Asks: 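My questions will all concern the structure given below.
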Amino acid sequence: MTHSKSLQTLLSHSNYIAPEGFAAFPVPIHHASTVVFKDVAAMRSRSWQHKNAYTYGLHGTPTSFTLEARLAEIEDAHQCLLAPSGLAAIALVNLGLLKSGDDVLLPDNVYGPNREMAQWLAQDYGISVRLYDPMIGAGIAELIEPHTRLLWTEAPGSITMEVPDIPALCAAAHARGVLVAIDNTWSAGLAFRAFDHGVDIIMQALTKYQSGGADVLMGAVLTRDDALAQQLGRAHMRLGMGVGMDDVYMVLRSLPSMPLRFHAHDMAARQIAGWLKSRPEITTVLHPALEDCPGHAHWKRDFTGAGGLFSVIFDARFTEAQTDRFVNALQLFRIGFSWGGSNSLCVPYRIGSMRDSWQHAGQLVRFNIGLENPLDLIADIERALATLSA
Ligand SMILES: *Cc1c(COP(=O)(O)O)cnc(C)c1O
């Protein structure tokens, strides 16, 4: 066979065509930076803003477009943007919507790095940031200033698990033209229909339940409003928030099992939280489905399920050294951040130094319930509790 072109040229011009008749369920992993156009007119007619055509890998390939569409279906959104992590998705919301002179309100129990980012925006970018009591509900109206642009919510809040009154917060914010964003990671979009309760922007850390494998970092921002989607889409492009298609594929692969996994996390977490409630070492179980949890009534009214993440407060007679010993003594529960994977995790938090007002004297420990048999997890906790008095 004689080549009309040099090997060097042929190696760069693959004539690969997907095999005819190769029908299978998985979405192919389409990698690309460059997307080629048939001619100059085709190039000029396409815009990166339009999801009906491809322009450049950074703005999506068929693989990422498919994930965006699936996530939009879950949350009943109209548009979805993918970000390289949950925190990057938070940054996308903040940088896409806020400018210097604007004011943003954050719940006191907001995901820590979101608070950290807000403090940075306040310090270096001329954006004012104020924290509010997550249980404030309609009272948020009194905190809204003429320059307030964005109200962040999280349901439930990180670590201390208060469930806010989202419809009341949204009604007060909308009456004054303020946008409401929610970190909806805990419910995975399955147990809480955030748009139906009035929220304008949903942020998800896909790192958690959507990935399900503790092996991917990714985030998403979802909207129903075209103008908002365009504004966020411009920020997404300007910030260069691309995601790797292998990671996108991993999330796509996990999505069909997400409702089943979520249900299993939910059932096991409620069983274990209920058992912990009966233990004399524990004074308070901060699980939204239990009455101990501030905002339990909101959870009951607005949610259709619960995630696998909750916290407990130990009796104040136990010192930090003792509860640290408890955490170290656990064998099935490993010590580590993040959640939503199949392995159970446990983290003690020094909550007094993290919250503006915190009433409890006892130590707080957060549990992420994985997919192990809950009876084995209870046995693990029971054995570790015995070390408290040792
Ligand atoms: C994990 C998490 C995030 C951030 O996600 P990353 O992908 O780890 O950056 C944001 N919000 C909540 C509530 C989370 O638990």
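Note that the structure is a prediction, hence the values are computed from the model and not measured. As the structure lists them, so they are numbered: ligands from 1, and atoms in each ligand from 1.
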Asks: For T185, enumerate each residue passing the side-chain hydrogen bond (donor to acceptor under 3.5 Å, both in side chains) test, keeping only those at least two apart in sequence or located in another chain.
Replies: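 In terms of side-chain hydrogen bond (donor to acceptor under 3.5 Å, both in side chains), with neighbours along the sequence ignored, T185 is linked to D183.
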
Asks: Residues in side chain to side chain contact (heavy atoms under 4.5 Å, CB included) with R317, at least two apart?
Replies: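 By the side chain to side chain contact (heavy atoms under 4.5 Å, CB included) rule, R317 matches D315.
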
Asks: Name all pairs fulfilling the ring-ring contact (aromatic ring centres under 6.0 Å, His included) condition that reach into residues 66-122, sequence neighbours left out, sorted by first residue then second.
Replies: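 Counting only pairs at least two positions apart or across chains, the ring-ring contact (aromatic ring centres under 6.0 Å, His included) contacts touching residues 66-122 are W120-Y125.
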
Asks: State, to 0.1 Å, how close V129 and D103 come at their nearest heavy-atom pair, and which atoms those are.
Replies: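 Between these two residues, the closest heavy atoms are N-OD1, 4.2 Å.
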
Asks: Does G96 offer a backbone N or O that forms a donor-acceptor pair with the side chain of Q231 under 3.5 Å?
Replies: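 At least one qualifying donor-acceptor pair exists.
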
Asks: Between ligand 1 and the protein, give all atom pairs where both partners are nitrogen or oxygen and the distance is under 3.5 Å, as lines of names plus distance to 0.1 Å.
Replies:
residue  : atom   : partner : partner atom : Å
ligand 1 : 7 (O)  : G86     : N            : 2.7
ligand 1 : 7 (O)  : T207    : OG1          : 2.5
ligand 1 : 9 (O)  : G86     : N            : 3.2
ligand 1 : 9 (O)  : L87     : N            : 2.9
ligand 1 : 11 (N) : D183    : OD2          : 2.6
ligand 1 : 15 (O) : K208    : NZ           : 2.5
ligand 1 : 15 (O) : W339    : NE1          : 3.2

Asks: Does I144 offer a backbone N or O that forms a donor-acceptor pair with the side chain of R176 under 3.5 Å?
Replies: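 Checking the backbone N and O of I144 against the side chain of R176, a donor-acceptor pair under 3.5 Å is found.
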
